[in-house]
Amino acid sequence: MPDAETSESSIGDRGSAVRDPSEEAAASKLWAVYVSEAGKYDKALVESWKRDMEGILIFAGLFSASLTAFIIESYKTLMPDSGASMVQLLAHISEQLAAVANNGTVVSPPLAPSSHFTPPATSLVCNVLWFISLGLSLTCALIATLLEQWARNFLHKTDMRSSPVVRARIFSYLYYGLKQFKMHTIVEIIPLLLHISVIFFFAGLVPFLIPINVPVATLAALILIVVVGVYLLLTFLPMWHLDCPYRTPLSYACWRLSRLSRLCHWHLPPGLSDDPNLSLVQAMEMRATEDSDAGVARDNQALVWTVKSLADNAELEQFVEGVADALRGPDEKRYVYSDHIQRLLDNPDLHLLSRLGDLFRSCDSELVSHEDSRRRRITCLKALWAMGGVLSNPKYLTDPRQLWSVFGLTTVPDIMSASERWMLHYSLSIDALIHWSTFCQANHHLAQCKADVKGGRIPNLQHVSTYVSNPRIIVLLQKLQAKLLPSFAALNGNKSQIIQAAERFHAVIPHLILLDYLEVSSVLLDSPPYRWEDTTELITPGYPMPFSDLEDHVEYVLDTVVYSHLDDFISVNNIFWRDSIIHTLLSYWHPNEPRCIPSAVIFYLNARGNDAILRDLFLESDLVVLLWTCFPITLSQGTLGQVIPASPFTRQVSVSEILTLMWRVLSLRFGPSSSVYESVIQAVRQTESSPMTSSIIALMKTVVLDNLVPGVLPLIPELLPVETAIVVSSEIHRTRASYTSQAHLDIVYNQITEAKISLLAEFLGTCCSDCLPYKAANTLRMMGTTPRGAIHHSHQFQLAKSMRSAWELPGPYRADLFGALIHCEIFDIYARTPDSVANKRNRHPWLEASTTRGSVKDTLTSFATSLSPGPVMTRVKAIIYGFELLHGS
């Protein structure tokens, strides 16, 4: 024993050496989760075993006692009957006495010797069956007692240690021991043995009664047959009906045999019928959770029973809390549960809507605390939003407008108390969804009316007329300042008018609902309403808006949204939800022909300081194309040319603000197309704001040249320099088909580069006047390019002259201009630090004229002497050094 203990101790030492105690402690929380889950499972399993064993012990005790009484009577038939021998002897004596009494000598025959006793066959069968039955019953009781002890021992061992890591390993070790030694099978065998014992008892009762009374034995045999038949039926019934609650311990064994023999697979989900390892419980789970019409019907029945069983508001609140999550997930609508909730709303026996309304109104009770009242209101509002989004299906009977009437809510802030205004975040989204669902139902009825008209039937316009006459819809239509929809009740069967009204109703109303939601949300709230993105997605029509009908209203809403929060766009960056509103409205602003740009658009694009937001807007829409198309007429007429409904926010923009927007769009590298370029340039030149004009024209030409793709888009002759060092065939500019080789493309690229340097030199020359152009330094930074070939000497000379003139400007202007100029791409060739001769060969120096290069070098040298050490001085010195390296001077 000491050796064994020593060996065990050494093993423990090796284990502790392998596992780091600090790592074990760090993983305690991880294993605590396992202990919690495994403890729940194992305790539930063991408790179920203990309850089963207690029932088996009680039944086995009672059964064994009853069986023993029968055995006491039956075992006697296995031995000779001493009573029968005594009767035979007494009869013999009686005969002798009778002979003596008759005064005669009677010699009676001697008693026959007793032969060897053989018990009857019925007695043997009866006792064999009953003794086996008694043995099985007592065995079940013994194993059940042991199993209870094993279960208690299992729970005790798992609770011995407090460390989560140790407990987790003990849980795992003991549970897999249960599986290894088939304890689950033992638990299943115990009731099976008891069932066999009972059947053996009935089977032994038949031969026991045969010698006594045949009719009674026959009755016992019938009982046996019924019991065995019912038992077999209960055994096999779950194999054909997985939802059957009746089963016996033999059901699982028969199921396994049927799986191996490929039987009983027709009622399983596809793809699982050929799995031989599929257990009966697994098959039941799959059958219960499969997607089928029967499953949907069962779910609906369960939900109906649930609603009927909700007795008070606390229980109903818990149910309502799950409605929003059931109908709408984080990313998409849940259609299955939408159908369930709609069926519950349509069920006349449930009165779900009225109960929800009572639950909402109970928040006003003095019995409910303020916190509980707010929580209950939010729960009801979330459920109301979810239900408003699913009632658009016309096959259901519930009118979405009933939701508002039952809850008694309002979206008008003027009549809401200060303590209730927080509900606007919910009620605005709810209002939009309810109107959208109501429109969908009305639109469905109108489509049926339209089909009736085309089929020669009389249409029923009552439902649609009721919807259009709704006060909320009337308010929306009044915002258009035009009666787009006629009175459906007054159409009187006019086929063409009904069809036309149906088409306009379908085209206008949904967009009107969306515009109204965007407007009121932006004006009344400082943060997004409840489920803003989901609500917007739900009520956004899947077809384009008829801009000719709603153009004035779109611009009216733009004015309202932009001007009511203009300061926020200037000073606040975290207003992306309001940006999304304006971007949606701008996507609707799609004039069919050039018209004045709304002042709200100009103010927003100028005021929004986040370039990334505007760049995404331009990339995701065709707004840039529309802006450049409309810029000429906007510059010539201004916002006075707009016909916008009276708005408290409407204001007129100046020409300088329009030009500022043009420069802003160009600064993001979005220029006009070649088709509108000439009209835009002409409109800009006609303005009197020369400081802005020169910057816009220079930047516009640069951006247009940057966006040109030789071989795809034709060049604009006005942009090409008159004097050029590159010989270009006129055919190259005339047709796209002329770009037949890479050499031709290189020629065109080089000419575009020369045009950009010419533009840079020309713009720098305009900066030498008394008044600098608009954002001259920023404009310079965005001009220029990296030359890849020769540049005409006239352009080199013009650049050198402009640089010398700019150097003579006053100090602040000169520093800003030269700081922007030296960072232009044209000097990148010279500013690179050469590492090898190969680097030198890969460069294309373009200041080939020595006189011009000397002038530029002298100007940059003078500029460097005025600088303090820093990145700008480093850049200037690198350029000067590049002159010396690449030109030797």
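Small disclaimer: the values here were computed from a predicted structure and weren't measured.
Between F763 and S802 the shortest side-chain heavy-atom distance does not fall below 4.5 Å. Residues M692 and M662 have side chains not in contact (no heavy-atom distance under 4.5 Å, counting atoms from C-beta outward). E519 has its side chain out of reach of L515: every pair of non-hydrogen atoms, C-beta onward, lies at least 4.5 Å apart. Two residues are said to be in side-chain contact when any heavy atoms from C-beta on lie closer than 4.5 Å; P541 and L514 meet this criterion. Side chains of L558 and L586 form a contact here, defined as non-hydrogen atoms less than 4.5 Å apart. Contact check for H793 versus T852: no side-chain heavy atoms found under the 4.5 Å cut-off.
R781 contributes no side-chain N or O that, together with a main-chain N or O of G819, makes up a donor-acceptor pair within less than 3.5 Å. Looking only at distances, no side-chain donor or acceptor of S522 sits under 3.5 Å from a matching main-chain atom of L518. Put simply, the side chain of S695 never gets that close to the backbone of K775: no donor and acceptor are under 3.5 Å apart. Remark: the backbone N or O of I613 is not paired with any side-chain donor or acceptor of D579 at under 3.5 angstrom. Within the 3.5 Å criterion, the main-chain N or O of W846 finds a donor-acceptor partner in the side chain of Q796. Although no hydrogens or angles enter the test, the distance criterion places no donor-acceptor pair under 3.5 Å between the side chain of S758 and the main chain of E754. Formation of a donor-acceptor pair under 3.5 Å by the S621 side chain with backbone atoms of S587 is not found in this model. Q682 places no side-chain N or O within 3.5 Å of a backbone atom of S679 that could act as its donor or acceptor partner.
From H425, atom NE2 reaches atom CH2 of W532 across 12.5 Å, with rounding to the nearest 0.5 Å. Note: F818 CZ to M803 CE = 5.0 Å, rounded to the nearest 0.5 Å. Distance CD/E657 to OG1/T634: 13.0 Å, rounded to 0.5 Å. Taken to the nearest 0.5 Å, the CG atom of L619 stands 11.0 Å off from the CG atom of L614. Rounding to the nearest 0.5 Å places SG of C630 at 9.5 Å from CD of E593. For the atom pair CZ of F631 and CD1 of I681, the computed distance is 12.5 Å after rounding to the nearest 0.5 Å.
A donor and an acceptor atom, one from each side chain of Y517 and S429, are located under 3.5 Å apart. Residues S599 and Y563 have side chains that bring a donor and an acceptor to within less than 3.5 angstrom of each other.
The minimum heavy-atom distance linking P510 with Y543 is given by the pair CG-OH, 3.0 Å. The minimum heavy-atom distance linking G671 with W628 is given by the pair C-NE1, 3.4 Å. Shown here for A432 and I513, the closest heavy-atom pair between the two residues is O-CG2, 4.0 Å.
The existence of a salt bridge linking K756 and E825 is excluded, since no basic side-chain nitrogen approaches an acidic carboxylate oxygen closer than 4.0 Å. Between K701 and E762, no side-chain nitrogen of the basic residue sits less than 4.0 Å from a carboxylate oxygen of the acidic one, so the salt-bridge criterion is not met.
Tested against C824 for a side-chain contact (heavy atoms from CB on, under 4.5 Å), the candidates D828, I822, I826 yield a single pass: I826.
No more than 12 heavy atoms of other residues, nucleotides or ligands sit less than 6.0 Å from atom CZ of F797.
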